[in-house]
Amino acid sequence: MSVTPVSYDAEGWGTGEVWLQGETLVWHELPRPSTGTRARARVTPTQGGEAFPPPSRSRLPRKQGRACDPLVPKADQLIHGIRRYFAGDPVSFDDVQLELEGWTPFQLAILRALRRVRYGEVVSYSDLARLAGYPRAQRAAGTFCARNRFGLVVPCHRVVAADGLGSYGSLGLDYKRRLLALEGVAV
């Protein structure tokens, strides 16, 4: 089964993308402001890409349209939820099926623990490791978050350092602060 990339706009946030294999989410790229100079040129997500694909039998197509496919109702439902989230509505993504083939027990435990962290709540990397059943694995929990390919669905933005905000990869700390502020969390 092929992977379908679907772009979406989130007002005030920019353009994001989801990749679905049937009804299963393979990747979510959070929205970024458009540079205004040209369309997005990537053919694979920013993390992973062709050289380091996500842990899956799924492979992203080299080139495919990015317009929303009306034959993918799950994509429409997911994108509607994402847009509602970026508009400030408390949205749960618990029902979104994720592509997890080849993941380790540790990765699955961290993923499950993260999905239990609710809208408007934060945990530290140490708390996350403990919640997942690996109390001494806070650095590994941080590494998991740095490589998270499911954006809002696996909410790594809700994980903070014991002494501050932590990090948020290429999107940066201002983006993480903005997501947390949207959820009513002051950091």
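Atom set for the values below is all heavy atoms of this structure, side chains included, hydrogens, waters and symmetry mates excluded. These numbers were taken from a predicted model, which means no experiment stands behind them.
Val117 is not listed as a side-chain neighbour of Val122, based on a closest heavy-atom distance of 4.5 Å or more. The closest side-chain heavy-atom distance from Pro31 to Tyr175 is below 4.5 Å. Side chains of Val123 and Val160 form no contact here, defined as non-hydrogen atoms less than 4.5 Å apart. Using a 4.5 Å heavy-atom cutoff, the side chains of Leu180 and Leu165 are in contact. Phe106 has its side chain out of reach of Leu111: every pair of non-hydrogen atoms, C-beta onward, lies at least 4.5 Å apart. Between Arg139 and Tyr125 the shortest side-chain heavy-atom distance does not fall below 4.5 Å. At least one side-chain heavy atom of Ile82 sits under 4.5 Å from a side-chain heavy atom of Phe93. Contact check for Glu17 versus Ser7: side-chain heavy atoms found under the 4.5 Å cut-off.
Looking at residues two or more places apart in sequence or on another chain, you find a side-chain hydrogen bond (donor to acceptor under 3.5 Å, both in side chains) between Glu183 and Tyr85, His157, Arg158. Ser124 meets the side-chain contact (heavy atoms from CB on, under 4.5 Å) test with Ser126, Asp127; sequence neighbours excluded.
Here the shortest heavy-atom pairing between Ala75 and Leu20 reads CB-CD1, 3.2 Å. The shortest non-hydrogen separation linking Val185 to Gly120 is CG2-O, 3.2 Å. The nearest pair of heavy atoms linking Leu98 to Thr24 is C-CG2, 3.5 Å. The two residues Tyr168 and Leu173 have their closest heavy-atom pair at N-CD2, 4.1 Å. Here the closest heavy-atom approach between residue Val159 and residue Lys176 is recorded as O-NZ, 2.5 Å. Shown here for Ile110 and Ala129, the closest heavy-atom pair between the two residues is CD1-CA, 4.3 Å.
Annotation: the span from Leu114 atom CG to Leu131 atom CG amounts to 9.0 Å, rounded to 0.5 Å. We find the CD-OG distance between Glu29 and Ser170 to be 7.0 Å, quoted to the nearest 0.5 Å. Interatomic distance, OH of Tyr119 versus CG of Asp89, reported as 7.5 Å (0.5 Å rounding). To the nearest 0.5 Å, atoms CZ (Arg147) and CZ (Arg149) are separated by 13.0 Å. The OG1 atom of Thr15 sits 12.5 Å away from the CG atom of Leu30 when rounded to the nearest 0.5 Å.
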message: Test side chain to side chain contact (heavy atoms under 4.5 Å, CB included) on Arg116 and Glu121; report intermediate values, then the result.
response: CA-CA 10 Å; Arg116 290 192 306 265; Glu121 297 177 359; over 6 Å; no
message: Gln107 vs Phe144, test: side chain to side chain contact (heavy atoms under 4.5 Å, CB included). Steps then yes/no.
response: CA-CA 7 Å; Gln107 290 169 322; Phe144 176 92; 4.1 Å; yes
message: Between Leu25 and Gln97, does the side chain to side chain contact (heavy atoms under 4.5 Å, CB included) criterion hold? Intermediate values first, please.
response: CA-CA 6 Å; Leu25 182 64; Gln97 183 179 336; over 6 Å; no
task: Check the pair Arg84, Ile79 against side chain to side chain contact (heavy atoms under 4.5 Å, CB included), reporting the backbone distance first and the verdict last.
output: CA-CA 8 Å; Arg84 283 185 43 230; Ile79 288 170; over 6 Å; no
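Cation-pi geometry between Arg178 and Trp13 is met: the NZ or CZ atom falls under 6.0 Å from the ring centre, inside 45° of the normal.
Of the possible polar contacts, one joining the Asn148 side chain to the Phe150 backbone as a donor-acceptor pair under 3.5 Å is found. Side-chain atoms of Ser92 come within 3.5 Å of backbone atoms of Asp94 as a donor-acceptor pair (strictly under, hydrogens ignored).
Between His28 and Tyr8, a ring centre-to-centre spacing shorter than 6.0 Å is recorded.
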